[in-house]
Number of protein chains: 2
Amino acid sequence: MNTLAEENYLKSIYHLSLNSQSVSTNQLAALLNTKAASVTDMLKKLADKQLINYARYQGVSLSAAGEKIALQIVRKHRLWEYFLVEKLNFKWDEVHEMAEEMEHISSMELVNRLDKFMNFPKYDPHGDPIPDSDGNFKAHELKPIGTIEVGGSGIISGVRDHSAGFLQYLEKQQLTIGKKIKVTEINEYDNSMILQADDKKIHISREVANNLLIVI
Amino acid sequence: MNTLAEENYLKSIYHLSLNSQSVSTNQLAALLNTKAASVTDMLKKLADKQLINYARYQGVSLSAAGEKIALQIVRKHRLWEYFLVEKLNFKWDEVHEMAEEMEHISSMELVNRLDKFMNFPKYDPHGDPIPDSDGNFKAHELKPIGTIEVGGSGIISGVRDHSAGFLQYLEKQQLTIGKKIKVTEINEYDNSMILQADDKKIHISREVANNLLIVI
DNA sequence: TAATAAATTTAGACAAGTCTAAATTTTTAA
DNA sequence: TTAAAAATTTAGACTTGTCTAAATTTATTA
Ligand SMILES: [Mn+2]
Ligand SMILES: [Mn+2]
Ligand SMILES: [Mn+2]
Ligand SMILES: [Mn+2]
């Protein structure tokens, strides 16, 4: 079918497409840790295969066929992450690299049985939605805590930064998926926030507030 | 670490080494579905890495370092096969190709947790022993049913032929791992055998008898 | 033991994916 | 609205793993 490199490019285009209409060569190079020239070569290949819409110098987007493939890879990635956390007891900051390999296991039947084995989870350990076998999913209506006013509240449901460092920090502060929080104070000087969670007061910086997502 | 191709070569050398002291270029080419010239190229590479003992025209064997790696791949292959059968309800003839991909997932921590999750199984769905994290395992004392005399009995514990066709045939005849059987008759004309299993009489050809292994 | 056959290796080529350096196009901004 | 800067593509090279065809070595057998 498609090579490992092709799958990684399609997935990266998919992720970058969530923030912008069209994706640039440099964006892809940065995300894939490669050089712009290499990206251009691959874009030509993917365009030949009709998996992307690509015009020289104009950026790139997924074709319907390309998006379908990308969604299957995202599905596998998130289901394996769920497996690693729920069945093998890994922490949420430990699973990404492993899933990065596992998402390329090709059998569809395998991923569908894995899905069933885990009772069709809807969200992965980081709160990201898991596409079903047709590629459909429903994303949460997420807002950064940073956009909430004093008195507002919600349930932690996702992160914008998936780095292990950020996830470990949240874990330590007990700011994990599913926790109900309320904004009790916003410091005017540095825009840091004080949250009420369970019986605890938790002080978070503006940067953390911008990367932690809640459902209201 | 090692590439996917290198891992597959090491594993193949390991398997072929079980039947002969040293492994030939042509044996590897046949097992890996490749050409002898390609095998020679890879043997040079593995010899440079000190993973095999190789002298031109003289065949090849694994070095201690190479065997260690091969055993880890075999461990992963068999543990994933066990997972697929025991947790995801695949049949024993369906899992080999998937495990062929999964055996290359690199994380040791992952495979060790998987092992624990499944309660440290000792044998895979085909009766092959699963090495522990140090590469140690204990193989069954296996004999082909074909070597048993009339009146002899034992427990089905392995297969010599791992092909889906053979496994499906055995499944249909209910000749599966763990079943107790007894040889009740040997046909002089074609050396076929009649087995008693539970309350059933099962007639098997000499070819099947040679590929079905029991513990006495 | 000499010739033939079989096994193995070498030589030279190719596809995939990547890189650096140079050329081209687009964007920005004076 | 043009010159400089930034982004992107092209050209040419390299690595990995593979192949075919030819050369070499080993094994077989007459
Ligand atoms: Mn995730
Ligand atoms: Mn197998
Ligand atoms: Mn494999
Ligand atoms: Mn097996």
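Below, chains carry the letters A, B, ... as their sequence lines are ordered, and counting in each starts from 1.
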> Looking at residues at least two apart in the chain, or sitting in another chain, which of them share a ring pair (Phe, Tyr, Trp, His ring centres under 6.0 Å) with Tyr123(B)?
Replying inline: His140(B)
Find the distance [X]:[atom1] to [N]:[atom2] and express it as a whole number of Å.
X	N	atom1	atom2	result
Leu43(A)	dT9(D)	CG	P	7 Å
Leu28(B)	dA7(C)	CG	C1'	13 Å
Leu46(B)	dT16(D)	CG	C1'	13 Å

> Using a cut-off of 4.0 Å between protein heavy atoms and nucleotide atoms, how would you tag nucleotides 10-20 of chain C 5' to 3' with B, S and -?
Replying inline: B-----SSBBB
Return a table of donor-acceptor pairs under 3.5 angstrom between the side chains of residues 43-52 of chain B and protein atoms on other chains or two or more places apart.
unit_1   : atom_1 : unit_2  : atom_2 : d
Lys49(B) : NZ     : Asn2(B) : OD1    : 3.1
Lys49(B) : NZ     : Glu6(B) : OE1    : 2.9
Lys49(B) : NZ     : Glu6(B) : OE2    : 3.4

>> dA6(D), OP1 or OP2 - any side-chain N/O from Asn26(A) closer than 4.0 Å?
In response: no
> Does dT26(D) have OP1 or OP2 sitting under 4.0 Å from an N or O in the side chain of Gln58(B)?
Replying inline: yes
> Hey, can you pull the residues of residues 17-24 of chain A with a non-hydrogen atom under 4.0 angstrom from DNA chain D?
Replying inline: Ser24(A)
>> Between the base of dT24(C) and the side chain of Tyr57(A), is there a donor and acceptor pair under 3.5 angstrom?
In response: yes
> Any side chain to side chain donor-acceptor pair (under 3.5 Å) pairs touching residues 51-60 of chain A, not counting sequence neighbours?
Replying inline: Asn53(A)-Ser61(A)
> Can you list every side chain to side chain donor-acceptor pair (under 3.5 Å) pair that touches residues 124-138 of chain A, not counting sequence neighbours?
Replying inline: Glu81(A)-His126(A), Asp128(A)-His162(A)
> Can you find a side-chain donor-acceptor pair between Arg75(A) and Asn112(A) that sits under 3.5 Å?
Replying inline: yes
> Strictly by modelled atom types, are His203(B) and Asn187(B) linked by a side-chain donor-acceptor pair under 3.5 Å?
Replying inline: no
>> In this structure, is the centre-to-centre distance between the rings of Phe83(A) and Phe83(B) below 6.0 Å?
In response: yes
> Is any NZ, NE, NH1 or NH2 atom of the basic residue among Glu103(B) and Arg78(B) found under 4.0 Å from an Asp or Glu carboxylate oxygen of the other?
Replying inline: no
